Protein chains: 2
Amino acid sequence: MTIGTPLLDALIQALGDSAVLRSDADMAGYTEDWRGRYKGAALCVALPGSTRQVADIVRLCNDYATPVLPQGGNTSLCGGAVPDEAGPPPVIVNLSRLRQIRRVDPANNSMEVEAGCVLATVQQAAAEQGRLYPISLGAEGSCQIGGTIATNAGGTGVLRYGNTRDNILGLEVVLPDGSIWNGLTALRKNNTGFDLKHLFIGAEGTLGIVTAAVLKLHPLPNRHAIAWLAPTDPQAALDILGLFQQQCGSRLSAFEMIDSNQLDIVMTHVPGRKNPLPGAHPWHVLVELSDTGSGAELQEVLQQILEQAFELGLLRDAVVASNDSQRAALWEVRHSVSEGNKKAGVGLTTDSAVPVSSVPRFIAAATEAVRRLVPDLPILIVAHLGDGNVHFIPFFTFDAWNALPERDAMAAAIRRAVNDVADALGGTFSAEHGVGRTSLAEMAHYKSPVELAMMRTLKASFDPAALFNPGRLLP
Amino acid sequence: MTIGTPLLDALIQALGDSAVLRSDADMAGYTEDWRGRYKGAALCVALPGSTRQVADIVRLCNDYATPVLPQGGNTSLCGGAVPDEAGPPPVIVNLSRLRQIRRVDPANNSMEVEAGCVLATVQQAAAEQGRLYPISLGAEGSCQIGGTIATNAGGTGVLRYGNTRDNILGLEVVLPDGSIWNGLTALRKNNTGFDLKHLFIGAEGTLGIVTAAVLKLHPLPNRHAIAWLAPTDPQAALDILGLFQQQCGSRLSAFEMIDSNQLDIVMTHVPGRKNPLPGAHPWHVLVELSDTGSGAELQEVLQQILEQAFELGLLRDAVVASNDSQRAALWEVRHSVSEGNKKAGVGLTTDSAVPVSSVPRFIAAATEAVRRLVPDLPILIVAHLGDGNVHFIPFFTFDAWNALPERDAMAAAIRRAVNDVADALGGTFSAEHGVGRTSLAEMAHYKSPVELAMMRTLKASFDPAALFNPGRLLP
């Protein structure tokens, strides 16, 4: 046990001894990220059991000028949720005990949940009422609603349902001064002044701590049609996307593209994954239609559009899943990407987005830019094509990576080269992962002075002592 | 012509003589609202021809500490866009000359337009590319995009496509210090810091002047099915809404409810309107399904759901439009509401919203509350039921209104009574019209001190001299 400080003593008094973790062993799961890339020191990990206790913690941290680091499921890919070595050790405020589903209102298509609810638990509670909470991503079994809100999480449902931001009706937030903002409205329309919830969505905990939210629900789709396509190239994939959008509207629920390098890695490194199509193809698309209600026409519509795409010369091959297990198998291939890559080598994953219409140009130009730095380097493409979001992954085998003389500098140079291409096309260096600490240099480099000034103005107004998640988001 | 002041001289030098209106006659269309309810004095009306000129105006107004009143099509229902008599006369910055459609990108489903573009013009330009810009409202022939953004305009498309806020990808804004923020991204995903555009959407010009925007487009629906229903009561209407949502998902594009009082007024006062159903019914719903692509099943789905509703005892009668002219006729009835009411008497229209599930309780309780003040007063109901948005209209004949001893006090008391009911159900006093100057007292009354403090903090950070649209939005 560490030696008590006045703040620790006050926190223990406010929360109880068992809710204030102080030993290195107890704090280990909170001070290091899940991939083992970031680790830092914390004064303690506070585990509040109520919004009121979160406010108590914040007020105490203010009294002792101690930084506050809000934390959910600790699944950040950007080092956004664990401490670093700069500045005084923060109090980690982990929200996992705030895990009550306060209310489900099926007739209003909404539910009110606490920040520590695990995303999959929320999806399940919605499904039990015949409703869908549409945010879906790899970490859904452990990430928490508060974290998905703080990072405006994306995932595979964005094409149809938007980002997390688009699925939030109301928020409850503990502000940096310790006051509690109750913005838990469940309204579809509310034009009464600034829409304050948007300040906190995607702010990565720098403006306050989200403690609860009212989520927007949707009818639960009960019919799906899914196919695996081999388009001739990215432009053909885009043209096929256009056919689906025009003919299926919002029944198009996924349009995910990967390249053959990426598929090969999954086939080689993830046991049990089956290549959806015979033969070798350079590009692959998983397309899914979803709908509510009765009727079987989804499968027909899918078939018809694929026939059109064949006739237009856009497709090399395609297979349509004819039952649920085939459907699951196709999604498994897509979902095995991270596992395969982790086993196969070192990927310098970017999180680029460009206008959807510019994706083919982006892939071509970014490939060229990276190859100028490392000739013949394999590139993996994992694209949420319908959102213009491309995870462009220059990929090293472990041997090639270990043989590099200046790894950090090479990684930075490659990322900058890719981000430059995205920027020139009106794109971004972080589509869905956020900024955290990994992209601070990109923020400083790509954001305009006017925009950075506005962000700093906001930060200074809400958190004048700069105690909330310092060293994150804002360069 | 008025006598020149240093600011007027500087504005004329910056914009040219013809772009600075100074005479009362020239300014008349800008200093009074379209309903003739609000009128005030202005120093001049500036008609900038470019974003750069907007910035010049703002800097000059700063130099001379003169208020700035941004104005679009001047269609506000809340007195939000015309000057009042308080404080020094402002410079009205009317955006109507910024009316270029800069770019349409069908493959990205986006278009970039200047703030002065009329909404109907934008809808038309999107339609020419087979795309839909889904914001649709009564004033669409004259309101401007900038105004719809500043007020987060709603309308009849919200159920399917969301409010204006949900259809904005990027903004260009002249900030109160005269700097220009270029936030004109056309991205579906962009998690790089605070999402600043949301500050300005719905801010009613109090934080800056929107000069251009990137709008989100959707596939243009080419199939529609529409019916006029007589549900037994509001709860039955809600149950029918649930059937449609579960079975049609996002193909449900409108679900508008009016009561028999409202329908009677339209039939009596608007020539050419035909009662959609024979016989008298207390409640009426217009339901519309829309879809893209081919196939005729929409009509069948509509029929099936209506049969279910009959079997469940939810419906008294229904008629399905069988061609485009019948479809138009049904919408005409709905769209004639304002015209009918204007001819028939004085309606104290509220703009309430409650959770969708609470609409029946709201209507019953608000009716009771109003009748406690004025026994037997007719109530008109015009509800965007799918959004929980109810225009609850206590209605006086001209004679009854003119006979009232204390009209203003009575109007205020009635509105407060209705708003109290909405508030108690977790609702709002302004769902889609905004605050302007008409609802300042409601802002002060219903918003929590924490929320008002946050809003004032924002306002003070971005507009420390409080020159932008003073006396609006913030009490």
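Keep in mind it's a predicted model, so treat the numbers as computed, not measured. Chain A is the first sequence line, chain B the second, and so forth, proteins listed ahead of strands; every chain is numbered from 1.
Residue Ser352(B) comes nearest to Asn419(B) through the heavy atom pair OG-OD1, 4.4 Å, listed as atom of the first residue, atom of the second, then distance. When all heavy atoms of Val214(A) and Ser110(A) are compared, the closest pair comes out as CG1-CB, 4.0 Å. Between Ser253(B) and Leu159(B) the shortest heavy-atom distance is C-CD2, 4.3 Å. Residues Thr292(B) and Pro219(B) come closest through the heavy atom pair CG2-CB, 3.6 Å. Pairing each heavy atom of Pro360(A) with each of Ser357(A), the nearest pair is CD-O, 3.9 Å. Taking every heavy atom of both residues into account, Ala237(A) and Leu385(A) meet most closely at CB-CD2, 3.7 Å.
Within residues 449-458 of chain B, the residues having any heavy atom under 4.5 Å from a heavy atom of chain A are, by residue number, Val450(B), Glu451(B), Met454(B), Met455(B), Thr457(B), Leu458(B).
With a threshold of 4.5 angstrom between heavy atoms, Ile201(B) does not approach chain A through any atom at all. Looking at Asp387(B), the atoms closer than 4.5 Å to chain A (heavy atoms on both sides) sit in the backbone and in the side chain alike. For Phe200(B), the part lying near chain A is the side chain, with the backbone staying farther off; criterion is any non-hydrogen pair under 4.5 Å. In this structure, the portions of Asn190(B) lying under 4.5 Å from any heavy atom of chain A include both its backbone and its side chain. In this structure, the portion of Leu207(A) lying under 4.5 Å from any heavy atom of chain B is its side chain and not its backbone. Proximity to chain B (any heavy atom under 4.5 Å) is shown, for Asp239(A), by neither the backbone nor the side chain. Proximity to chain A is absent for every atom of Leu184(B), based on heavy atoms less than 4.5 angstrom apart. With a 4.5 angstrom heavy-atom cutoff, Ser358(B) does not touch chain A via any of its atoms. If you measure heavy-atom distances from Ser439(A) to chain B, you find no contacts under 4.5 Å at all.
Here Gly434(A) is the residue among Pro221(A), Gly434(A), Gly183(A) with the most heavy-atom pairs under 4.5 Å with chain B. For the options Leu175(B), Leu196(B), Asp105(B), Val435(B), heavy-atom pairs under 4.5 Å to chain A are most numerous at Leu196(B). The candidate from Thr192(A), Val356(A), Val354(A), Thr428(A) with the greatest count of non-hydrogen atom pairs under 4.5 Å with chain B is Thr192(A). Residue with the most contacts toward chain A among Arg165(B), His198(B), Arg131(B): His198(B) (heavy-atom pairs, distance under 4.5 Å). With chain A as partner, the option from Glu204(B), Glu442(B), His218(B), Lys447(B) having the largest number of non-hydrogen pairs under 4.5 angstrom is Lys447(B). Taking chain A as the reference chain and counting heavy-atom pairs below 4.5 Å, the highest number among Lys459(B), Arg251(B), Met443(B) is found for Arg251(B). Highest contact tally toward chain A, considering only Thr185(B), Asp291(B), Leu238(B), Asp166(B), is held by Asp291(B) [criterion: heavy-atom pairs under 4.5 Å]. Contact count against chain B (heavy-atom pairs under 4.5 Å) is highest for Asn191(A) among Leu220(A), Leu199(A), Asn191(A). Interface check for chain A: of the options Asn152(B), Leu473(B), Val359(B), the most heavy-atom pairs under 4.5 Å are formed by Asn152(B). Counting heavy-atom pairs closer than 4.5 Å to chain B, the top residue among His384(A), Arg160(A), Arg188(A) is Arg188(A). Most heavy-atom pairs under 4.5 Å with chain B, from the set Ser430(A), Ser461(A), Ala107(A): that is Ser430(A).
Leu302(A) CG to His224(A) NE2: the interatomic distance, rounded to the nearest 0.5 Å, is 13.5 Å. Rounding to the nearest 0.5 angstrom, the gap separating the OG1 atom in Thr151(B) from the CG atom in Leu137(B) is 8.0 Å.
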Is there a side-chain hydrogen bond (donor to acceptor under 3.5 Å, both in side chains) between Gln304(B) and Gln247(B) once you walk through the steps? CA-CA 10 Å; Gln304(B) 283 164 16; Gln247(B) 297 180 47; over 6 Å; no
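Phe462(B) places none of its side-chain heavy atoms less than 4.5 Å from the side chain of Thr206(B). The shortest side-chain heavy-atom distance between Asn182(A) and Ser448(B) does not fall under the 4.5 Å cut-off. At a threshold of 4.5 Å between non-hydrogen side-chain atoms, the residues Phe244(A) and Val301(A) do not count as touching.
Between the side chain of Asn163(A) and the main chain of Lys189(B), no donor-acceptor pair closer than 3.5 Å is present. The main-chain N or O of Glu432(A) is found under 3.5 Å from a side-chain atom of Asp351(A) such that the two form a donor-acceptor pair. With Asn389(B) contributing its side chain and Ala353(B) its backbone, the two residues share no donor-acceptor pair below 3.5 Å.
His433(B) meets the ring-ring contact (aromatic ring centres under 6.0 Å, His included) test with His391(B); sequence neighbours excluded.
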